[in-house]
Each structure stands twice: as C-alpha cells, then as structure tokens.
**Student:** 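Quick one: the structure is below, questions incoming.
Residues take their numbers from the sequence shown, with the count starting at 1.
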Amino acid sequence: MEHLKGLNNQQREAAVHKDGPLLIVAGAGAGKTKTITHRIVNLIKEGISPDKILAVTFTNKAAKEMRERVIAEIEKNTKGQNTIPFVSTFHSLGVYIIKENARILGLTKYFTILDESDSISIIKDAIKDIGLDPKQYEPRKIKNIISREKGKFTHLAEYSESANDALSGGSNYLNKIVAQVWNIYEERKNKENSLDFDDLLLKAVKLLKDNEEIRKRYQDKWEYIHIDEYQDTNEVQYLMSKLLSENNKNICVVGDADQNIYSWRGANLKNILSFEKDYPNAKIVLLEENYRSTKNILEAANEIIKKNKYRPDKNLFTENPAGEKISLYEALAENDEADFVAIKILEIMDSTDGGQNVFERTLGRSDGDGQRKFSAENFSGENKNILSEIAILYRANFQSRALEEALLRYNVPYQVLGVKFFERKEIKDTLSYLRASLNPESLSDIKRIINFPVRGIGKVTLAKIFAVEKETLPIKVKIKVDNFYKTLEEIKEKIENSKASDVIKFTVKKSGIENELMSGTEEDMERLENIKELATLALKYDELENGAGIEKLLEDASLASDQDSIMINDDVKEKEKQKSGVKLMTVHASKGLEFKYVFVTGLEDGLFPHQKMGEAKSGEDAEEERRLFYVALTRAKEKLFLSFANYRTIFGSRQINAPSEFISNIPADIIEKEGGEAGVKTIYI
C-alpha cells in the first residue's frame with residue numbers, strides 16, 4: 001500500500017479505518033494533518049468518491065494546508081480523479097449551506113457577512129435606541145454575551161424569555177438589556193440582508209435541525225466526515241458535526257484535550273471527552289510520537305500537563321535528539337526582559353551567519369560617545385531569513401509594547417500577529433464598495449463609503465436614504481446620491497463579467513479612491529500600495545467566473561482569523577514576506593503554528609498563569625492556563641527561551657511579581673539560567 005508509506009503504526013491504524021466513528025487523540029506535533037490526509041486518500045483508494053468526503057477545520061490557513069496536501073496525495077496515489085473532497089472551515093461550511101438555502105432564510109444570494117467592528121457599531125446604535133448610554137453599557141461586552149449565547153445554540157426568543165423570567169424574580173437586569181439590544185440587532189441585520197460571524201453557524205445548524213429534507217440532503221452528500229481540533233468545538237459546532245453524521249456515523253474527529261484553550265469562546269472540553277459516550281462503538285487511536293520538538297522540550301511539556309486531571313492519559317515521546325536545554329532569564333523589569341529577547345535574536349542570527357561573528361564585531365563598535373552599538377542591520381540577507389523561524393509569545397496583548405520597543409531599538413524586523421491585512425482602513429473601504437454593489441441593503445457598507453471619497457453627503461442626507469426618503473432630497477444632493485448608486489451598479493456589472501483582480505482595479509478607479517489617495521500624503525500613497533496588494537491577492541480568485549471570484553474573496557476576507565494574516569502576507573508580493581520578520585503573538589494566536597526558536601515571556605504569577613483582578617480562579621481556569629502553557633512550549637522545535645520580570649508596570653502601577661508556578665514544574669536538570677550578574681546589559685541606540 002504505497003499511499004500509506006511513511007506512517008507509523010498508530011497513524012496507519014487511523015488511516016485504514018473506514019466505517020464507523022473514530023477518535024484520533026493527537027498530541028502536539030504528532031502528525032495529525034498527515035494522518036487525516038492519508039485517511040482521506042485511503043477512503044478514495046477503497047472506492048469512496050471524493051465528493052462524498054467532508055473535512056472541517058478552524059482556520060483558513062489550516063484548511064488551505066489540508067486541501068493542498070489532500071490534492072497532492074490524490075494526484076500521486078489515484079488516477080483519473082477529477083473531483084476533490086470538500087475541505088473548509090466551520091464558518092465556510094456554514095456559508096455554503098446558507099447560500100444554498102438562502103431563500104428559506106429570507107436572504108438573497110449576496111448577503112453581507114458583518115465583521116466585528118460593523119456588528120459592534122450596530123449594537124452601539126441599538127443601545128442608544130433604547131435610551132441607554134453606550135459608555136455605561138459597553139457595546140463590545142454586549143456583543144460578546146450575544147456571541148456566547150449563539151455559540152451555545154441559544155436563540156433570541158429563548159434568551160428573551162429567560163431574561164424576563166429572571167427579571168420577574170428580581171434577578172439580573174443586564175439580561176433584559178441584552179435581550180432588547182439583541183432584538184434590535186436582529187431587526188437591523190434582517191433589514192440589511194446581513195449576517196454576523198455567529199449566524200453563519202447558528203442558522204446553518206438550525207436549518208439542519210429543523211428541516212429533515214435539508215438535513216438528509218447533506219447527510220447523503222457527505223458520507224464520511226472529518227473534524228479537526230475537535231476539542232475546540234462549541235455547542236453549535238458540536239451539533240453541526242453530529243447532525244451531519246447521525247445517519248452514517250462515519251465521523252472521524254481529531255483532537256487533543258491538552259490543547260483545549262478556548263473556553264472563553266465557548267469551546268467545550270466535554271465534546272472530546274464524551275466522544276465515546278456519544279458514539280459507543282467508536283474506535284480510539286492515540287498518536288503520541290512527536291515529530292516537531294526535541295526531547296528536552298517534550299519532557300518539560302509532559303511534566304507541565306500531567307498535573308491536569310481532566311484529560312485522557314498520554315505521554316508524548318520523540319526520536320529527535322535531546323537538544324539544547326531550556327533557557328530561563330530572570331529580568332529586573334519588562335524593559336530588561338525585552339532587551340534580553342532582542343539581543344538573543346541577534347545572537348541567533350549571528351549563529352546562522354557562517355561563523356562571521358557579525359554580532360561580536362558590531363557589539364564592539366562605538367557610536368562616538370562611548371556606547372556600544374549593534375542591530376539587525378549589520379546582518380546579511382541570508383541569515384535574516386531565520387527571523388521567520390522565531391516567535392515571541394505572551395499571555396496578554398499589552399506585553400507587546402515593551403517587546404516592540406526593544407525590537408525597534410535593535411532594528412529587528414517583526415510582525416505582530418493579529419493585525420489583519422483585511423482590517424486596514426483602505427482595504428475595508430474597497431471591500432465595502434464590492435459588498436454594497438452586490439447588496440445595496442447593507443447600510444453598514446453604504447454608511448462607510450457614501451462619503452469616501454468626499455461627495456458632500458452629510459448625516460441628514462444619509463438618514464433620509466436609510467428612511468427611504470431619497471425623493472425628498474434637494475436636487476443637487478439627489479444627483480450626488482444617484483451618481484453614487486450608479487457607481488455601485490457599474491461595479492456590480494464589472495463583478496459579473498470580469499476577473500476578480502480586474503474588478504479590484506476598476507473599483508479603486510471608479511469609486512475615486514485611487515485619485516483621492518494619489519493626491520494625498522505619503523501615508524495615503526502607502527494605503528494605495530496596500531490596495532494594489534489586494535489586487536495581487538485577488539489573482540488567485542481569477543479562475544472563478546461570473547462573480548464567483550469576488551464572492552469568494554469577500555467570504556475569505558470576512559472569515560479571516562489572526563493566523564490567516566500570515567497566510568495573506570505570504571500570498572502577496574515578496575516585499576510583504578520581507579516585512580514579516582520575527583512573529584509576536586499571544587499564546588492563543590500561536591495555536592497550530594511551529595517555530596525553531598520560541599520565547600515565552602511574562603512568566604509571572606497572576607500574568608501567566610493569568611488571573612483576572614478581583615476574581616478567584618476556579619479549578620477549570622487553572623487547568624486551562626496549564627494547557628495554554630503546554631501549547632506555548634510545544635510550538636518550539638529546537639530551542640525554547642522562558643523569561644519573567646521581578647517588576648512589571650500594569651495599568652500604570654509598578655508591581656512586584658513572583659515567578660510563575662509553571663517554572664518550578666519543569667525539571668531543573670533541563671533548564672539553564674541566562675544572564676545573572678554577567679547578564680545582558682541594556683544598550684540604548
């Protein structure tokens with residue numbers, strides 16, 4: 001069986017399993033994607049048509065990787081196959097199901113997917129509509145409550161009823177506020193022919209649950225279902241998986257209870273722990289051999305995670321070398337810690353420079369006032385490439401400030417993961433023109449672009465447009481508004497008849513954005529360059545015809561996650577790759593990624609493990625923090641650096657910190673201390 005070569009015994013056991021439920025418990029770096037890929041190919045080799053196979057994961061980046069691997073293996077191991085399995089994210093699957101049944105839901109084909117900022121803007125208006133102050137009732141907090149309830153498959157009617165019951169009993173007044181805001185929010189979305197991120201799952205699952213004909217259609221369509229990262233599924237994702245597979249029971253889920261770190265998003269650990277209860281005849285396969293990390297890194301990870309109670313027993317092992325010991329640095333304060341990280345990165349770069357000792361030479365230079373000066377500018381292009389193999393992880397976003405300042409001082413290129421390509425203003429403006437042309441009912445998009453570039457259309461005019469009172473406008477203003485909508489119609493016509501990349505170029509010209517930015521500041525020119533990158537990115541959608549390319553681009557833009565920002569930057573011009581540099585990110589954002597060198601910073605009690613101010617930590621919270629640290633450790637392939645600061649300024653107040661309990665859990669014989677009295681000296685340049 002040529003297509004199963006290269007698999008270990010456990011991977012092979014999972015790959016050849018065909019019918020019935022299968023749980024693959026896959027430890028970090030144990031080759032789960034490889035296993036799923038070969039399992040899919042094996043199903044095809046056994047006569048299952050590729051279009052009968054569904055594979056679902058969480059991020060576009062992960063879905064893209066799996067799709068590419070599956071296609072490559074199909075081409076290599078099967079002849080004459082013209083179809084491929086359906087590989088997507090949960091949300092993309094939701095979009096697919098909703099679009100095929102849009103009429104039943106009262107939607108048009110071109111419904112808008114609201115991003116986070118658009119949703120919050122609508123909720124802010126809803127709070128005002130019920131006579132409350134958004135400063136007192138924070139829109140983001142209310143949005144998060146609604147999102148969490150939708151993730152639990154709670155509908156507005158159910159929530160409103162429970163809120164009224166609670167109020168009559170003298171209970172939580174906030175619940176009633178949320179119910180009122182949620183109601184206005186839904187009305188506004190219905191009017192705009194739009195859905196938010198959570199609706200993509202909620203409405204798709206409701207269709208499957210309530211409509212037997214629709215449910216059977218998709219059960220017949222996909223006879224073999226694969227769910228990646230099953231430990232991260234919330235209630236609505238769990239229901240989607242169960243409904244799609246309940247007829248054939250050919251469901252394969254892959255996950256690791258030790259990497260469940262998203263409870264705050266609704267991820268429910270019980271979904272994976274209860275799989276055998278849900279599917280009594282399930283086969284269980286354990287993948288424990290790690291192909292990513294050194295023995296020392298795995299020993300630390302195993303020691304950390306074995307203290308958790310809510311987990312199936314497993315112990316990662318590897319045939320990789322023992323590798324270097326884990327470095328530990330005790331910093332005086334956060335600036336000292338950040339300088340340690342920056343200088344260590346320079347040392348890593350120096351070690352890959354072919355023995356030229358660039359770091360040592362630059363360290364000895366003087367800038368004329370007696371200070372020694374060095375930076376990443378002194379290194380050659382080749383060893384700068386190592387920067388993409390370095391990650392700096394932290395528990396909370398605020399920690400990035402000191403780290404960024406240090407990297408800037410030493411001219412170390414870096415990229416903060418989480419700053420999405422699609423969140424740049426100029427990109428959002430361009431995409432809003434595309435969405436509004438397809439869906440003129442999308443008031444959020446109209447509001448964003450009707451006066452950009454400036455057309456002299458004020459708030460009063462906008463209010464009349466939204467109130468369908470356009471005919472009452474003064475003639476000059478009405479002409480401006482009519483010209484704006486004519487532009488949208490021309491863009492729609494272009495979408496329906498041209499390639500995606502050509503549509504972007506046309507939209508930027510026709511809307512006036514190009515002229516506006518070209519005659520602006522240097523910053524405006526940079527924004528125009530970013531839009532050109534969007535046109536470059538759109539090239540990969542050019543093969544889709546009749547507007548499908550722009551539809552898919554808009555869908556991918558709406559569903560892009562933090563990790564997908566790396567994928568997007570890697571898809572555009574070479575200069576974007578060069579900009580990337582060292583990756584800075586929260587530990588949560590690092591899930592699914594791997595790097596040769598990993599720095600885990602801020603290992604202080606109260607910060608990591610994290611504890612919210614004024615709140616007692618539950619046993620479940622403590623276990624999740626330990627799982628989060630386990631995820632951080634297992635991102636590293638070759639070298640791991642841990643650091644903590646004795647003092648850290650948080651909310652303007654300098655605090656004295658105790659080292660994290662996690663440090664003492666790691667065996668002392670695999671740790672080496674960095675610095676000390678002869679440690680890194682801060683050099684400001």
**Student:** Tell me if a side-chain donor or acceptor on N190 pairs with a main-chain N or O of E186 at a distance below 3.5 Å.
**Tutor:**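 The answer is yes, because a donor-acceptor pair under 3.5 Å joins these two groups.
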**Student:** Does I550 reach the side chain of L553, with side-chain heavy atoms less than 4.5 Å apart?
**Tutor:**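 Contact flag for I550/L553 side chains = yes.
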**Student:** How about NZ on K425, more than 12 heavy atoms from neighbouring residues, nucleotides or ligands closer than 6.0 Å, or not?
**Tutor:**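 Atom NZ in K425 is crowded, with more than 12 foreign heavy atoms closer than 6.0 Å.
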**Student:** If only side-chain N and O atoms count, and only distance matters, is there a donor-acceptor pair under 3.5 Å linking E192 with S444?
**Tutor:**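 E192 and S444 do have a side-chain donor-acceptor pair below 3.5 Å.
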**Student:** Does atom NZ (K99) have a neighbourhood of more than 12 heavy atoms from anything else shown, all under 6.0 Å?
**Tutor:**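 Result for NZ/K99: enclosed.
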**Student:** Using modelled atom types and a 3.5 Å cut-off, is there a donor and acceptor pairing between side-chain atoms of S498 and backbone atoms of K494?
**Tutor:**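 Yes, S498 side chain to K494 backbone: donor-acceptor pair under 3.5 Å.
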**Student:** The test is side chain to side chain contact (heavy atoms under 4.5 Å, CB included); show your working for L403 and Y414 and say whether it passes.
**Tutor:** CA-CA 10 Å; L403 293 162; Y414 69 89; over 6 Å; no
**Student:** On the 0 to 90° scale, with breaks at 30° and 60°, tag the Y159-W182 ring pair as parallel, tilted or perpendicular.
**Tutor:**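 The arrangement is tilted - the two ring planes meet at 30° to 60°.
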**Student:** Ignoring hydrogens and geometry, is there a side-chain-to-backbone donor-acceptor pair from E514 to V508 under 3.5 Å?
**Tutor:**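 It does not hold such a pair.
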**Student:** Just by modelled atom types, is the V587 backbone N or O under 3.5 Å from a matching donor or acceptor in the S590 side chain?
**Tutor:**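 Between the backbone of V587 and the side chain of S590 there is a qualifying donor-acceptor contact (under 3.5 Å).
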**Student:** What's the verdict on side chain to side chain contact (heavy atoms under 4.5 Å, CB included) for V56 and M240, showing C-alpha distance, side-chain angles and the deciding distance?
**Tutor:** CA-CA 11 Å; V56 187; M240 179 180 276; over 6 Å; no
**Student:** Side chains of Q237 and E235: is there a donor and an acceptor less than 3.5 Å apart?
**Tutor:**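 No pair is found: no donor N or O on one side chain lies under 3.5 Å from an acceptor on the other.
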**Student:** Any sub-3.5 Å donor-acceptor pair from D542's side-chain atoms to K499's backbone N or O?
**Tutor:**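 Checking the backbone N and O of K499 against the side chain of D542, no donor-acceptor pair under 3.5 Å is found.
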**Student:** Side chains of S119 and D196: donor-acceptor distance under 3.5 Å anywhere?
**Tutor:**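 S119 vs D196: no donor-acceptor pair found between side chains.
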**Student:** For S117, is there any backbone N or O sitting under 3.5 Å from a side-chain donor or acceptor partner on S121?
**Tutor:**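 Pair absent, no side-chain N/O of S121 close to backbone of S117.
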**Student:** Whether D118 and K428 form a salt bridge (side-chain N of Lys/Arg under 4.0 Å from carboxylate O of Asp/Glu) is what I want to check.
**Tutor:**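 Not counted as a salt bridge, because no side-chain N and carboxylate O are separated by less than 4.0 Å.
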**Student:** Quick one: does any side-chain atom of D429 pair with a main-chain N or O of F452 as donor and acceptor, under 3.5 Å?
**Tutor:**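 Answer holds: no.
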**Student:** Is there a side-chain contact between H588 and Y262 in this structure, where contact means two heavy atoms from C-beta onward sitting under 4.5 Å apart?
**Tutor:**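 They are in contact (side-chain heavy atoms under 4.5 Å apart), so the answer is yes.
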**Student:** Is atom CD of E493 surrounded by more than 12 heavy atoms (other residues, nucleotides or ligands) closer than 6.0 Å?
**Tutor:**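 Open: at most 12 neighbouring heavy atoms sit under 6.0 Å from CD of E493.
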**Student:** Flag the pair K486 and D482 as a salt bridge only when some basic side-chain nitrogen lies within less than 4.0 angstrom of an acidic carboxylate oxygen.
**Tutor:**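 D482 and K486: not salt-bridged.
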**Student:** Apply side-chain hydrogen bond (donor to acceptor under 3.5 Å, both in side chains) to the pair Y96 and E100, showing each step before the final yes or no.
**Tutor:** CA-CA 6 Å; Y96 178 83; E100 287 201 331; 3.2 Å; yes
